[in-house]
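Proteins come first, then strands; the chains are lettered A, B, ... in the order of their sequence lines, and each starts at number 1. Note that the coordinates shown come from a computational prediction; the quantities given were computed from them, not determined experimentally.
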2 protein chains.
Amino acid sequence: MDQAIDTIGEADDRLLTDQLFEQMSEAIVRGTFAAGTKLSEPRLAAQYGVSRGPLREAIRRLEERKLVTRAPRQGVRVVVPTAANALELFTIREVLEGLAARQAAEHATEEEVDRLRAMLKMHREMLSTDDAMVYWQATANSDFHFMIARIGRNQHLFDLLCGEYYTLFRLYRMQHRIVPGRAQRALTEHERIVDAIADRDADLAELIMRKHIASARTGLVSQQIGA
Amino acid sequence: MDQAIDTIGEADDRLLTDQLFEQMSEAIVRGTFAAGTKLSEPRLAAQYGVSRGPLREAIRRLEERKLVTRAPRQGVRVVVPTAANALELFTIREVLEGLAARQAAEHATEEEVDRLRAMLKMHREMLSTDDAMVYWQATANSDFHFMIARIGRNQHLFDLLCGEYYTLFRLYRMQHRIVPGRAQRALTEHERIVDAIADRDADLAELIMRKHIASARTGLVSQQIGA
DNA sequence: CTGCGCCGATATGTCGACAGTTTTGACGCT
DNA sequence: AGCGTCAAAACTGTCGACATATCGGCGCAG
């Protein structure tokens, strides 16, 4: 089974480390690198066609992002998701997203509220199509939280939610087969959040967002293997 | 001016990267590496007496921890603290510490409450000595938040507060000359938090902790240079 | 005197190689 | 047949070196 590992393209002026990090992150989330698999530096270097230097730096970033765990002098293994970890992670995400919603309510311009509304309207239309679920899980849900974080105007928070923790969140969400009707409920909650933001009600926006994430967490953890 | 950079000891079986990361983190917090200074890889490698490989990995971690900023193909510079960044950072810390307090209230054992109380009693005694402020800023305050995070039993949260963000928080706090009487007030707030934890009142513990951090943030940001 | 372009020096990004340690696999013993 | 032992293979941690891009200084033109 020659696995589907894209080799690193040649016409890309980005740093090798960055390309490797993205490829490997994606491979971990999609399961190409199965949970618990050991990542051997020489083998990966050969497969990607690069030397071990940039590869090590990419792995170091995977480690920093908690996508792999390192045992000194024994290499790194792909993290194995557990229900306990999922609970911890989404409990943290709950307060962070809550803060994002609060700050969005404090800083959103009229135009940004309009764009949020337009986006939700589009999402509602999408939800009546056939492949609603896949679209929802793939992009729609992320886009909403993405935009909320951006409107909050807290660069550090944005980096945390949409950068440093984003892949890890995706990894845990991936384990989760979406329950029917969840997307509809989530969209309704999104609309309530935007209402609170439009009203400049920071407390309410934070509260609803936290309940929204808590609801997602409950559904996720209860389903997680081994829970 | 041959600056005071400790060279890397020889009898230390820890990884070179880890030692370098700690030394450089400390150098940044203490100001040995002044804000805005460019960190040249060959020069640092020579000064520490190591090759560029481990050094690069350490710098990559500094970058991940937001202690340096990287401009591709131009190297890294020590981050320059701004009031805006301090505000962003301590706003995040506010909700994270709040969560830690909440989870501490949910999970603390009787013995852990006793140890919290014992610690605060010691802190109060320390506060009547001469070098109260330096002791407070150096260890006492950190110890308290450290213990709260530990009692919360959320490993990811603990790592965030006491690991990944710890040095960055210290860096910003370092810019801050402590205001007289602040330590007293902070200690009183700590005691209130422990009371809430002892009562198993998670909501109250979170609330007080958030106000506690918000109060520290206000004092810090208003003093920050350029605010 | 000032602005532009060239050139050398330096640094980053990348690579290949070596030493010590861990893991693997076979072999022999119980 | 199962287990402990031991050697070979593989891997991690570290180092030194090369190519290319960037930065600073110099000369020259305007």
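Annotation: side chain of L15(A) is in contact with side chain of R73(B) (closest heavy-atom distance under 4.5 Å).
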Write down the protein N/O and nucleotide N/O pairs, taken from nucleotides 8-14 of chain D, whose separation is under 3.5 Å; answer none if there are no such pairs.
{"unit_1": "dC11(D)", "atom_1": "OP1", "unit_2": "S40(A)", "atom_2": "OG", "d": "3.3"}
{"unit_1": "dT12(D)", "atom_1": "OP2", "unit_2": "E41(A)", "atom_2": "N", "d": "3.2"}
{"unit_1": "dG13(D)", "atom_1": "OP1", "unit_2": "R73(A)", "atom_2": "N", "d": "3.2"}
{"unit_1": "dG13(D)", "atom_1": "OP2", "unit_2": "R56(A)", "atom_2": "NH1", "d": "3.3"}
{"unit_1": "dG13(D)", "atom_1": "OP2", "unit_2": "R70(A)", "atom_2": "NH2", "d": "2.9"}
{"unit_1": "dG13(D)", "atom_1": "N7", "unit_2": "R52(A)", "atom_2": "NH2", "d": "2.8"}
{"unit_1": "dG13(D)", "atom_1": "O6", "unit_2": "R52(A)", "atom_2": "NH1", "d": "2.9"}
{"unit_1": "dT14(D)", "atom_1": "OP1", "unit_2": "L16(B)", "atom_2": "N", "d": "2.9"}

### Task
Evaluate the salt bridge (charged side-chain N to carboxylate O under 4.0 Å, His left out) criterion for residues R153(A) and E88(B): first the C-alpha distance (whole Å), next the side-chain angles of each, then the deciding distance (0.1 Å), finally the verdict.
CA-CA 9 Å; R153(A) 288 179 175 70; E88(B) 286 191 8; over 6 Å; no

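Using a 30° and 60° split on the angle between ring planes, H212(B) and H145(B) fall in the parallel class, below 30°.
If you take CG of L55(B) and C1' of dG13(C), they are 14 Å apart, rounded to a whole angstrom.
With sequence neighbours left out, R173(A) forms a side chain to side chain donor-acceptor pair (under 3.5 Å) with no residue at all.
With F169(A) as the aromatic partner, R93(A) meets the cation-pi criteria of under 6.0 angstrom to the ring centre and within 45 degrees of the ring axis.
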